[in-house]
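Take a look at the structure set out below.
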Amino acid sequence: MRLKTPITIAALSAVVVGTMWAQTITAKPAAPRGAAASLPCGDGVANNFATKVRKHDDSVRASAQKGLNFLTEATLAWQKANDCMGCHVQGVTGEALAVGRHHQYEVADKDLDAVFMGILSLPGGLRRADQISHSEKGASLAFGGASLARYDKWVDEKYGDDLMKVASDLLAEQGETGEIVKAANRGIAKGPLQVTYQAIQTWQQAYGRSADDRWLTAIAKAEGYIQNQVQGWGKAPTADLQHVNYALLGLLAAGIGANEKVAVRLRDTLLAAQQKDGGFPEATTGGTSSPLATGQT
């Protein structure tokens with residue numbers, strides 16, 4: 001399964017739009033200069049603003065719901081046709097549906113169960129003895145682990161044992177320098193930077209569930225790997241914009257501050273790559289805007 005599929009892009013969009021909607025519902029009108037911070041409930045300006053915000057929220061929410069509906073149908077159709085665990089089919093979809101449920105979108109229990117059954121129990125799944133064992137095993141664990149972490153945090157604890165097992169399996173795949181080593185850049189993952197970021201997500205939730213310091217040790221090693229990769233780029237960024245994205249996502253997931261020097265450097269690299277149409281290309285040097293790279297950025 002190649003990385004750039006409608007399912008992958010839809011899943012990524014569902015995560016982004018769902019989060020955007022959750023942020024817009026907290027919007028409040030700015031008080032006029034010199035006025036009190038709050039407006040009376042009966043104030044016409046406040047009521048008019050609230051009406052406009054509500055209409056905007058409803059339209060964004062409806063769009064996200066339609067995206068989740070498509071994503072669910074397309075993923076389950078792919079699963080039925082292929083009868084296997086697809087790293088960035090069920091893996092990314094599992095994250096998106098957990099985000100959707102967290103933000104109170106309509107995500108049916110039977111659909112959530114079906115997607116996670118694919119992640120765990122179909123051929124290649126994380127509970128299976130025939131789990132992916134070639135050079136992409138790290139990617140399989142990382143995609144599955146990230147979706148289990150989202151589910152465990154935002155839905156319920158039903159897959160808690162699976163989360164902890166995958167977190168432990170990822171520890172076995174972590175190299176001495178902190179990266180997930182079995183993650184060849186062969187179309188499933190964008191190499192160790194991507195899956196190391198996903199492993200950090202998994203270990204963060206494992207720590208939240210257990211308070212075991214070994215997860216913090218793994219996260220610290222993973223952060224060190226990403227920091228060294230960024231330092232190794234020197235003054236010129238890597239040519240691959242997605243590597244910049246995953247480096248920044250991974251460092252933030254590990255807990256660095258948004259204003260730390262390395263985060264600001266990566267942010268500025270991304271901003272410099274934005275095209276006139278608003279999108280982002282797959283190369284830091286420019287090019288045609290890519291839906292996938294734009295969604296990640």
Step by step, would you call Asp169 with Lys165 a salt bridge (Lys or Arg N to Asp or Glu O under 4.0 Å)? CA-CA 6 Å; Asp169 289 345; Lys165 181 182 183 302; 2.9 Å; yes
Show the numbers, then the answer: is there a side-chain contact (heavy atoms from CB on, under 4.5 Å) between Arg209 and Lys153? CA-CA 9 Å; Arg209 170 174 276 274; Lys153 182 177 181 179; over 6 Å; no
Intermediate values then yes/no, side-chain contact (heavy atoms from CB on, under 4.5 Å), Leu163 and Gln205: CA-CA 8 Å; Leu163 169 69; Gln205 187 59 22; 3.6 Å; yes
List the steps and the verdict of side-chain contact (heavy atoms from CB on, under 4.5 Å) for Tyr151 and Val155. CA-CA 5 Å; Tyr151 188 101; Val155 182; 3.5 Å; yes
Verify side-chain contact (heavy atoms from CB on, under 4.5 Å) between Val262 and Leu248, making sure each step is shown before the conclusion. CA-CA 8 Å; Val262 63; Leu248 183 54; over 6 Å; no
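Note: Tyr246 OH to Leu241 CG = 11.0 Å, rounded to the nearest 0.5 Å. In this structure, the separation between CD on Gln174 and CD on Glu179 is 8.0 Å, given to the nearest 0.5 Å. Of the inter-residue distances, the one linking Lys66 atom NZ with Asn69 atom CG reads 9.5 Å to the nearest 0.5 angstrom. Note that CH2 of Trp215 and OG of Ser168 are 3.5 Å apart. Values are rounded to the nearest 0.5 Å. To the nearest 0.5 Å, atom CG of residue Leu271 and atom CG of residue Leu266 are 11.0 Å apart. Atoms CG and CE, from Leu120 and Met85 in turn, are 8.0 Å apart once rounded to the nearest 0.5 Å.
Contact of the Met117 side chain with the Gln79 side chain is registered, since non-hydrogen atoms from C-beta on lie closer than 4.5 Å. Between Val99 and His103, some side-chain heavy-atom pair lies under the 4.5 Å cut-off. Put simply, the side chain of Asp277 reaches to within 4.5 Å of the side chain of Ser289, judged on heavy atoms. With contacts defined as side-chain heavy-atom distances shorter than 4.5 Å, the pair Arg101/Leu112 qualifies. Counting heavy atoms from C-beta outward, Leu126 and Leu148 have side chains that approach closer than 4.5 Å. Gln201 is listed as a side-chain neighbour of Arg150, based on a closest heavy-atom distance under 4.5 Å. Side-chain contact check for Ser290 versus Pro281: every heavy-atom pair is 4.5 Å or farther apart. You'll find the side chain of Phe143 reaches within 4.5 Å of the side chain of Gln194, heavy atoms only.
Remark: the backbone N or O of Phe280 is paired with a side-chain donor or acceptor of Thr294 at under 3.5 angstrom. Proximity of a side-chain donor or acceptor of Asn82 to a complementary backbone N or O of Cys84 within less than 3.5 Å is not detected. Formation of a donor-acceptor pair under 3.5 Å by the Ser147 side chain with backbone atoms of Gly144 is found in this model. Under a 3.5 Å cut-off, the side chain of Gln204 and the backbone N or O of Ala253 do form a donor-acceptor pair. Under a 3.5 Å cut-off, the side chain of Gln296 and the backbone N or O of Ala293 do not form any donor-acceptor pair. A donor-acceptor contact shorter than 3.5 Å links the side chain of Arg265 to the backbone of Val230. The backbone N or O of Ser121 lies less than 3.5 Å from a partner atom in the side chain of Arg128, making a donor-acceptor pair.
Minimum heavy-atom separation, Thr93 to Val89: OG1-O, 2.7 Å. Taking every heavy atom of both residues into account, Gly257 and Ala263 meet most closely at O-CB, 3.7 Å. Minimum interatomic distance between Asp240 and Gln242 (heavy atoms only, all atoms of both residues): OD1-N, 2.9 Å. The two residues Leu76 and Ala114 make their nearest non-hydrogen contact at CD2-CB, 3.7 Å. For the pair Ala258 and Val264, the tightest heavy-atom approach, listed with the atom from each and the gap, is O-CG2, 4.0 Å. Residue Gln90 comes nearest to Val115 through the heavy atom pair O-CG1, 3.7 Å, listed as atom of the first residue, atom of the second, then distance.
For the 3.5 Å distance criterion, the side chains of Gln65 and Tyr105 fail to qualify, holding no donor opposite an acceptor. Under 3.5 Å, the side chains of Thr72 and Asp111 contain no donor-acceptor pair of N or O atoms.
Using the six-membered ring where Trp is involved, Trp154 and His102 have ring planes that are parallel, under 30° apart on the 30 and 60° scheme.
Screening Asp152, Asp113, Asp109 for a salt bridge (charged side-chain N to carboxylate O under 4.0 Å, His left out) involving Lys158 leaves a single residue, Asp113.
Heavy atoms of other residues, nucleotides or ligands lying less than 6.0 angstrom from CG of Asp161 number 12 at most. Counting heavy-atom neighbours within 6.0 Å of Gln275 CD, excluding the residue itself, gives a total above 12.
With sequence neighbours excluded, no residue forms a side chain to side chain donor-acceptor pair (under 3.5 Å) with Thr269.
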Do any side-chain atoms of residues 216-225 form donor-acceptor pairs under 3.5 angstrom with protein atoms, and if so which ones, sequence neighbours left out?
{"from": "Thr217", "atom 1": "OG1", "to": "Asp213", "atom 2": "O", "distance (Å)": "3.2"}
{"from": "Glu223", "atom 1": "OE2", "to": "Gln227", "atom 2": "NE2", "distance (Å)": "3.4"}

